[in-house]
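First comes the structure, then the notes that go with it.
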Amino acid sequence: MTPSPPLPPLREKAWPVRRPFPGLAVDLGSARTRVWLPGRGLIVDAPTVVPPGSGCTHPVQRGSVVDAEGAARLLGRLPADHPALVGRRPVVVLTTPVLCDAGHRAAALAALEALRPRTVLTIDSVRAVALGTSADLSEPLLIVDVGAHLTEVALLVGGAVSAAHRTPLGTLDLGEITTAAALAGSVAETVAGMLCGDLAPWTLDALERGVLLSGGGALRPEIVHHLARRLRAPIQPAPAPHTAAVRGAAAALSAEEGHPALVPCRDRRDAPR
């Protein structure tokens, strides 16, 4: 009689592994607040405005959080609008202006408490832009980020910020406070100052390579034109420039070993749930 084939070994049922929540990238801008969820993309792109009442209607002004409670109310609505966030204690990466002061940082961290974060990390907005556009950081890079109420100019050497300047003017000021030509002139004066210092060789290399333009200003042809004319350098608008910073923050968050551009600010992994 032919022997029966051996029975296959018993296998234990494979239970699904609950992966850690991927976290959130938050760009709390003067005009708009953007939130990026890795794997889902941009889940929030809304005006940085809170209903009239106590506090300021515009809790972020000129790149600074002026009303932490108002910003917290704005962020506190996220779980209600996005069920995937309910009951989570996310790792949050916050973009910050490159020259933000301690007051802005403290107010922004206080506002983020509305999300009950497990860990809070920050990343300079210009470094986030470089990551969000997959820029080649092996060579010096000059970034001009023209937002709604703030313009930042930064020189990155080896991926680190070597020089940075900011001007409290942006696209929403055009026609009322300034013009595109004047805004470009302010940027040109900043770059001229960088060409007179120790960083002149790297600044020249970056100008020859071309200026990376991000923020809403990259969508304004008149700003691109005047910048190219005043800097006498190629201007390279970033792809989807208005979301470049929050995309870069999400990319840093998704790095397996953590990206060196991230700065730990608060860790609550041992806090009671």
Side-chain angles (χ1 to χ4, degrees), residues 27-34 36 41-42 44-49 58 60-63 95 97-99 124-137 139-156 161 163-195 203-249 251:
D27 184 15
L28 193 59
S30 301
R32 300 192 73 83
T33 293
R34 296 182 174 96
W36 190 283
L42 192 67
V44 175
D45 187 352
T48 308
V49 177
H58 300 276
V60 183
Q61 298 177 16
R62 303 292 174 189
T95 65
V98 69
L99 293 176
D124 288 334
S125 55
V126 289
R127 298 183 77 181
V129 166
L131 292 174
T133 56
S134 300
D136 180 5
L137 297 178
E139 298 179 4
L141 178 65
L142 190 62
I143 296 177
V144 177
D145 185 16
V146 182
H149 288 144
L150 188 68
T151 295
E152 297 177 288
V153 180
L155 175 67
L156 272 58
V161 178
H165 304 267
R166 60 189 287 179
T167 301
L169 292 172
T171 56
L172 294 184
D173 297 312
L174 298 181
E176 295 184 2
I177 299 176
T178 189
T179 63
L183 184 61
S186 175
V187 172
E189 290 178 6
T190 296
V191 175
M194 296 165 63
L195 288 170
T203 306
L204 279 172
D205 287 346
L207 284 172
E208 291 179 359
R209 178 184 178 188
V211 177
L212 178 61
L213 180 61
S214 64
L219 299 173
R220 303 289 293 264
E222 69 274 28
I223 292 179
V224 177
H225 167 74
H226 286 292
L227 280 175
R229 181 171 175 271
R230 292 299 301 268
L231 294 176
R232 298 181 181 178
I235 304 297
Q236 302 170 356
H242 51 299
T243 62
V246 74
R247 293 198 316 267

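For the atom pair CG of Leu183 and CZ of Arg230, the computed distance is 11.0 Å after rounding to the nearest 0.5 Å. Rounding to the nearest 0.5 Å gives a distance of 11.5 Å between CG of Asp27 and CZ of Arg32. The CD atom of Glu139 sits 10.5 Å away from atom CD of Glu208, with the distance rounded to the nearest 0.5 Å. A distance of 4.5 Å separates CG in Leu155 from CE in Met194, rounded to the nearest 0.5 Å. Between the CG atom of Asp124 and the CG atom of Leu131 there is a distance of 11.0 Å, given to the nearest 0.5 Å. Rounding to the nearest 0.5 angstrom, the gap separating the CD atom in Glu152 from the CD1 atom in Ile143 is 10.0 Å.
Checking side-chain atoms of Asp145 against main-chain N and O of Gly215 turns up a donor-acceptor pair under 3.5 Å. The backbone N or O of Leu28 lies less than 3.5 Å from no partner atom in the side chain of Thr33, so there is not a single donor-acceptor pair. Distance alone, capped at 3.5 Å, is enough to place a donor-acceptor pair between the Arg166 side chain and the Leu99 backbone. Remark: side-chain polar atoms of Thr151 are not paired, donor with acceptor, to backbone N or O of Gly170 under 3.5 angstrom. The closest donor-acceptor contact from the side chain of Thr190 to the backbone of Ser186 lies under 3.5 Å. Using modelled atom types, no side-chain atom of Arg229 and backbone atom of Ala184 make a donor-acceptor pair closer than 3.5 Å. Side-chain atoms of Gln236 come within 3.5 Å of backbone N or O of Arg209 as a donor-acceptor pair.
The minimum heavy-atom distance linking Val246 with Arg34 is given by the pair CG2-O, 3.8 Å. Annotation for Ala130 and Leu137: closest pair CB-CD2, 3.9 Å, computed over non-hydrogen atoms. Residues Ala249 and Ala128 share a closest heavy-atom pair of N-CB, 4.0 Å. Across all their heavy atoms, Thr171 and Gly216 have their closest contact at CG2-C, 4.1 Å. Contact between Pro140 and Asp205 at its shortest, heavy atoms only, is CG-CB, 4.1 Å. Asp173 and Pro168 make their closest contact through OD2-O, 4.1 Å (heavy atoms, listed as atom of the first residue, atom of the second, distance).
Between Thr133 and Pro239 there is a side-chain heavy-atom pair separated by less than 4.5 Å. Taking 4.5 Å as the limit, some side-chain heavy atom of Leu207 sits within range of a side-chain heavy atom of Leu195. For the pair His58/Val49, a side-chain contact is recorded, criterion being any heavy-atom separation below 4.5 Å from C-beta on. Counting heavy atoms from C-beta on, the side chains of Leu150 and Pro97 come closer than 4.5 Å.
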So Leu174 and Glu222, side-chain contact (heavy atoms from CB on, under 4.5 Å) or not? Walk me through it. CA-CA 11 Å; Leu174 298 181; Glu222 69 274 28; 4.2 Å; yes
Please evaluate residues Arg247 and Leu42 with respect to the criterion side-chain contact (heavy atoms from CB on, under 4.5 Å), reporting the C-alpha separation (whole Å), side-chain torsions for both, the decisive distance (0.1 Å), and the verdict. CA-CA 8 Å; Arg247 293 198 316 267; Leu42 192 67; over 6 Å; no
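Of the residues listed (Val126, Val191, Leu212, Leu156), the one engaging Leu142 in a side chain to side chain contact (heavy atoms under 4.5 Å, CB included) is Val191, and it is the only one.
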